[in-house]
Amino acid sequence: MSVKILNQFEPDKMKEIKDVYHSVGWLKHTDEIISKIFLRSDIVSLAVFEGRIVGVGRALTDGVFNATIYDVVVHQDYQRRGIASQIMRDLLEQLKDVSCILLVSTSGNEAFYRKHGMKNLKTGMARYLNPTLTEEYLE
């Protein structure tokens, strides 16, 4: 499977990006939200197969000490084909000189991120506004 990685948000591909999110049940990702989160991201990784965006990933960083990876998502019709790994490799390559890279995994995907060198934090903390996410992710 030949997948190309693009490193720039393309607003004209909004429908394809939204389809990726919606295919996995992330239905709150509207055009407005997608535009906002990608335009405010420092690093973007879009997986393209046969001209269509089938996976996304993004990161925020200060470029030196800290970065956080968000939203590594592959359209459900294209999962289990190594696309998420390509996105992770691309993000990590773009962040290779950053001292600390953080990531919050969705439940059940922790082993995938461990394969890419991520480890559990001893001192990680978070706050969620959504009570359901608070219950799922926080102690």
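Pairing each heavy atom of Ala47 with each of Val3, the nearest pair is CB-CG1, 3.7 Å. Across all their heavy atoms, His29 and Ile34 have their closest contact at O-CD1, 3.7 Å. For the pair Glu16 and Ile53, the tightest heavy-atom approach, listed with the atom from each and the gap, is OE1-N, 2.8 Å. Smallest separation of non-hydrogen atoms from Gln86 and Ile5: CB-CD1, 4.3 Å. Between Gly55 and Ile87, the closest heavy-atom pair is C-CD1, 3.6 Å. Closest heavy-atom contact between Ile17 and Glu10: CD1-O, 4.4 Å.
Taking Glu110 as the reference, nothing meets the side-chain hydrogen bond (donor to acceptor under 3.5 Å, both in side chains) condition, with sequence neighbours excluded. Applying the side-chain hydrogen bond (donor to acceptor under 3.5 Å, both in side chains) criterion to Asn7, with sequence neighbours excluded, gives Asp90. Taking the side-chain contact (heavy atoms from CB on, under 4.5 Å) definition, one finds that Thr61 meets it with Asp42, Ile43, Ala67, Leu95, Val98, sequence neighbours left out.
Contact annotation: the side chain of Trp26 never approaches that of Val20 to less than 4.5 Å [non-hydrogen atoms, C-beta and beyond]. Looking at heavy atoms from C-beta onward, Met118 lies out of side-chain contact with Phe112 at the 4.5 angstrom threshold. Contact of the Lys13 side chain with the Leu6 side chain is not registered, since no non-hydrogen atoms from C-beta on lie closer than 4.5 Å. Side-chain contact between Thr106 and Tyr137 is present, with heavy atoms from C-beta onward closer than 4.5 Å. Looking at Glu136 and Ser107, their side chains come closer than 4.5 Å, going by heavy atoms from C-beta outward. Within the 4.5 Å cutoff, side-chain heavy atoms of Met88 are placed close to those of Ile69.
Going from atom OG of Ser41 over to atom CZ of Phe9 covers 9.5 Å, rounded to the nearest 0.5 Å. A distance of 14.0 Å separates NZ in Lys4 from CD in Glu50, rounded to the nearest 0.5 Å. Separation of atoms NE2 (His22) and NZ (Lys28) is listed at 11.5 Å; rounding is to 0.5 Å. To the nearest 0.5 Å, atom CG of residue Asn130 and atom CD of residue Glu135 are 10.5 Å apart. Between atom OH of residue Tyr128 and atom OG1 of residue Thr134 there is a gap of 8.0 Å, rounded to the nearest 0.5 Å. Note that OG of Ser85 is 3.0 Å distant from NE2 of His116, once rounded to the nearest 0.5 Å.
Note on Tyr78 and Leu46: separate hydrophobic clusters, where clusters join Ile, Leu, Val, Met, Phe, Trp and Tyr whose side-chain heavy atoms are under 4.5 Å apart, directly or indirectly. Residues Tyr21 and Leu103 fall into different hydrophobic clusters, defined by Ile, Leu, Val, Met, Phe, Trp and Tyr side chains chained together at heavy-atom separations under 4.5 Å. When hydrophobic clusters are built by joining Ile, Leu, Val, Met, Phe, Trp and Tyr residues whose side-chain heavy atoms come closer than 4.5 Å, directly or via intermediates, Leu92 is not grouped with Val104. Cluster annotation: Leu39 and Met14 are assigned to the same hydrophobic cluster (Ile/Leu/Val/Met/Phe/Trp/Tyr, side-chain heavy-atom contacts under 4.5 Å, transitive). Clustering ILVMFWY residues whenever any of their side-chain heavy atoms sit less than 4.5 angstrom apart, transitively, puts Phe49 in the very cluster that holds Val72.
Between the side chain of Arg81 and the backbone N or O of Asp77, at least one donor-acceptor pair lies under 3.5 Å. For Ser35 (side chain) and Asp31 (main-chain N/O), no donor-acceptor pair under 3.5 Å exists by modelled atom type.
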**OP:** I would like to know whether Arg114 and Asn120 meet side chain to side chain contact (heavy atoms under 4.5 Å, CB included); could you show each step before the answer?
**Re:** CA-CA 9 Å; Arg114 282 189 191 99; Asn120 290 343; 3.6 Å; yes
Original post:
Can you check side chain to side chain contact (heavy atoms under 4.5 Å, CB included) on Gln8 and Val44, steps first, answer last?
Top reply: CA-CA 6 Å; Gln8 184 174 344; Val44 171; over 6 Å; no
**OP:** Given side chain to side chain contact (heavy atoms under 4.5 Å, CB included), test Leu91 with Tyr70 step by step and report yes or no.
**Re:** CA-CA 10 Å; Leu91 292 170; Tyr70 296 99; over 6 Å; no
